[in-house]
There are 2 protein chains.
Amino acid sequence: MKLSKKSDYALRAMIFLSLNYKKGAVQIKEISTKERIPQKFLENILLTLRKVGVLNSKMGLKGGYELARSPDLITLGEVIRALDGAIAPVDCVSMISYKPCSEEVTCVIRDVMMDVRNAITGVLDTMTFADMCKRAVESLEKKGNEALTYSI
Amino acid sequence: MKLSKKSDYALRAMIFLSLNYKKGAVQIKEISTKERIPQKFLENILLTLRKVGVLNSKMGLKGGYELARSPDLITLGEVIRALDGAIAPVDCVSMISYKPCSEEVTCVIRDVMMDVRNAITGVLDTMTFADMCKRAVESLEKKGNEALTYSI
DNA sequence: ACATATTCTACCATTTTGGTAGACATTTAA
DNA sequence: TTAAATGTCTACCAAAATGGTAGAATATGT
C-alpha cells in the first residue's frame, strides 16, 4: 500500500507549481533544488505529467513548466494515477486497469477491496492542489515567523 | 497501492480456515489445492501467520493449521500487516514502521496521507473474518443452487 | 551563433515479489 | 518401532518494479 517515490516527488512538484500558478513558467532546476528532488528523475516525472495534460511546458531559454489548468481542477488522484497507475489494491476493482478475477460474482475479497478503493479515492479524488496550497499556507501561519521555509 | 499476492493468498487461506473453525486442523495441501495456491508458497505464509499468533499448528500425521482465536477477533488488517508490513502509504504516518519525514510539523502531504491511511484502516481494521464468512455464505445463497463452489 | 531549456532514448543497480528445493523435526497408526 | 505423513527451517532463484543516470537531440530567446 505504498506511495512510490515518483508519486511523492510528483505531488511536491505539483504543489510547488500550484503555489506559483499564473506567475509564468518554472524551471526544472528550480523545483529540483528547492524541493531536493534528483533533477534527472524529476525530468521524467514532469514529462509524464505533461503528456497526461496536467502540465504545459515551454522549451528553450526562459522555458519551464506550469499548470495546464487551475489548481482547483487538478486532484491528487489524477497525478498519482499518472505515475503509479491504478490506485485500486486489486485489478478486479480498478477503473483504469480492470481485469476480472476468477469468480467475480461471488468473490468476497473483491467486495472488501472495492470498499478500500472507494475509501482511498474518496480522499485522493476529492483533494485538489488548491486545497493543498491552502493547507500549506495555514500550516505556515500557525508556525509563526520563525518558519522561513516549509516542506511541501 | 497494491495488495501483494502474498496477502491475497493469506486472506483466502484465512477465510477458508474461518469457514472450518472448530472443525479441527486443516492441512496445507487441502487449502492449497482447493484455493489454487502454490503449496510451498502457502507454507511460508501460514508459518508467518502462526508466528504472529493468528494461527495454531499441529505437526506430524493428522497435523495442520487452525485459527488461534475466534474469526470475529481477527481483522483483515492484522493479516495484511503480518505479510506486507505497514498499511500506511508513507512511513511518516505509519503506526508499525514510523519514521519522521524531513519537515513533519508543516508537511501537507503528510496530512493527506494520514487521511488516506485512516480511510484504509477504517475498512481493514474493522472487517473481521467472521464478517467475511457471513458475506461468503450470503453471496452463495443469492447465487442459488447452481453454485456448488465459490471463490473466496 | 550561442547559451539555456526541455525532450527523447537508453541504460543500470538495487530491492521487492513470487516463488522453489531440500533437509529436518514431529506425530500417528500399523 | 518403524514408515508415512505432516509442519519447520534455511537457502536459493528468476523476473519485475523501483529509483535512478547518461547523453544526444531539439527548440527558443537574445
Side-chain angles (χ1 to χ4, degrees), chain A residues 1-13 17 20 24-33 35-68 80-87 89-91 97, chain B residues 1-13 17 24-33 35-68 80 82-87 89-91 97:
Chain A
M1 305 274 174
K2 233 166 168 48
L3 188 76
S4 71
K5 218 70 181 149
K6 221 170 179 172
S7 281
D8 181 33
Y9 290 157
L11 295 181
R12 290 175 198 282
L17 288 169
N20 287 279
V26 180
Q27 290 155 19
I28 294 179
K29 195 187 290 182
E30 182 181 352
I31 306 174
S32 124
T33 55
E35 289 299 321
R36 295 184 204 80
I37 303 171
Q39 182 170 334
K40 275 298 192 176
F41 199 26
L42 184 58
E43 282 181 25
N44 294 328
I45 293 168
L46 298 183
L47 212 45
T48 76
L49 286 175
R50 200 213 49 171
K51 282 176 184 165
V52 298
V54 165
L55 295 181
N56 285 331
S57 66
K58 226 175 87 184
M59 283 179 83
L61 196 58
K62 302 242 176 184
Y65 281 95
E66 58 190 349
L67 297 193
I80 293 176
R81 280 195 191 86
L83 300 206
D84 281 2
I87 284 174
V90 289
D91 282 344
S97 62
Chain B
M1 305 273 176
K2 231 164 169 48
L3 187 76
S4 72
K5 217 69 181 149
K6 221 170 179 172
S7 281
D8 181 34
Y9 290 157
L11 294 182
R12 289 174 199 283
L17 288 169
V26 180
Q27 290 155 18
I28 294 179
K29 194 187 289 182
E30 183 181 351
I31 306 174
S32 126
T33 55
E35 289 298 322
R36 295 184 204 81
I37 302 172
Q39 182 170 336
K40 275 298 193 178
F41 199 27
L42 184 57
E43 283 181 20
N44 293 329
I45 292 167
L46 297 183
L47 213 46
T48 75
L49 286 175
R50 199 212 50 168
K51 282 174 185 167
V52 298
V54 165
L55 295 180
N56 284 332
S57 66
K58 225 175 89 183
M59 283 180 82
L61 196 58
K62 301 243 175 183
Y65 281 96
E66 59 189 348
L67 296 193
I80 293 176
L83 298 169
D84 281 2
I87 285 175
V90 289
D91 282 344
S97 62

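Keep in mind the model is a prediction, meaning the values are calculated, not measured. Each chain gets a letter, A, B and so on, in the order its sequence line appears, and its residues count up from 1.
Following rounding to the nearest Å, A:Arg36 (CZ) and D:dG19 (P) show an atom-to-atom distance of 19 Å. Rounding to whole angstrom units, CZ of residue B:Phe41 and P of D:dC12 are separated by 19 Å. One atom, CD of B:Glu43, and another, C1' of D:dC9, lie 10 Å apart when rounded to the nearest Å. As rounded to whole Å, 13 Å separates atom P of D:dA22 from atom CG of A:Asn44. Rounded to whole Å, the distance from OH on A:Tyr9 to P on D:dT18 is 14 Å. The CD1-P distance, from B:Ile31 to D:dT6, rounds to 13 Å in whole Å. Between the CG atom of B:Leu42 and the P atom of D:dT8 there is a distance of 12 Å, rounded to whole Å. Rounded to whole Å, atom C1' of D:dT18 lies 13 Å from atom NZ of A:Lys2.
Contact annotation for B:Leu46: no contact, since no heavy-atom pair falls under 4.0 Å across all strands. B:Lys5 comes within 4.0 angstrom of sugar-phosphate atoms only, judged by non-hydrogen atoms across all strands, and of no base.
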Under 3.5 Å, which donor-acceptor pairs do the side chains of residues 2-10 of chain A form with other protein atoms, sequence neighbours left out?
residue : atom : partner : partner atom : Å
A:Lys2  : NZ   : B:Asp91 : OD1          : 2.8
A:Ser4  : OG   : A:Lys6  : N            : 3.4
A:Ser4  : OG   : A:Ser7  : N            : 3.1
A:Ser4  : OG   : A:Asp84 : OD1          : 2.6
A:Ser4  : OG   : A:Asp84 : OD2          : 3.0
A:Ser7  : OG   : A:Asp84 : OD1          : 3.2
A:Ser7  : OG   : A:Asp84 : OD2          : 3.0
A:Asp8  : OD1  : A:Arg12 : NE           : 3.1
A:Asp8  : OD1  : A:Arg12 : NH2          : 3.3

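Checking side-chain atoms of B:Ser32 against main-chain N and O of B:Ile37 turns up a donor-acceptor pair under 3.5 Å.
Here CG of A:Leu17 is found 4.0 Å from CD1 of A:Ile31. Values are rounded to the nearest 0.5 Å. The CG atom of A:Leu49 sits 11.0 Å away from the CG atom of A:Asn44 when rounded to the nearest 0.5 Å. Rounded to the nearest 0.5 Å, atoms OH (A:Tyr65) and CG (A:Asn20) are 16.0 Å apart. For the atom pair B:Ile45 CD1 and B:Glu43 CD, the distance stands at 10.5 Å (nearest 0.5 Å). Interatomic distance, CG of A:Leu67 versus CG of A:Leu55, reported as 6.5 Å (0.5 Å rounding). Rounding to the nearest 0.5 Å places CD of A:Glu35 at 9.5 Å from CG of A:Leu42.
Pairing each heavy atom of B:Gln27 with each of B:Gly63, the nearest pair is CG-O, 3.3 Å.
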Sub-3.5 Å pairs of nitrogen or oxygen atoms, protein against nucleotides 27-29 of chain D:
residue : atom : partner : partner atom : Å
D:dT28  : O2   : A:Leu61 : N            : 3.3

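Here the range on DNA chain C touched by chain A, meaning any atom under 4.0 Å from one of its heavy atoms, is C:dT4 to C:dC8.
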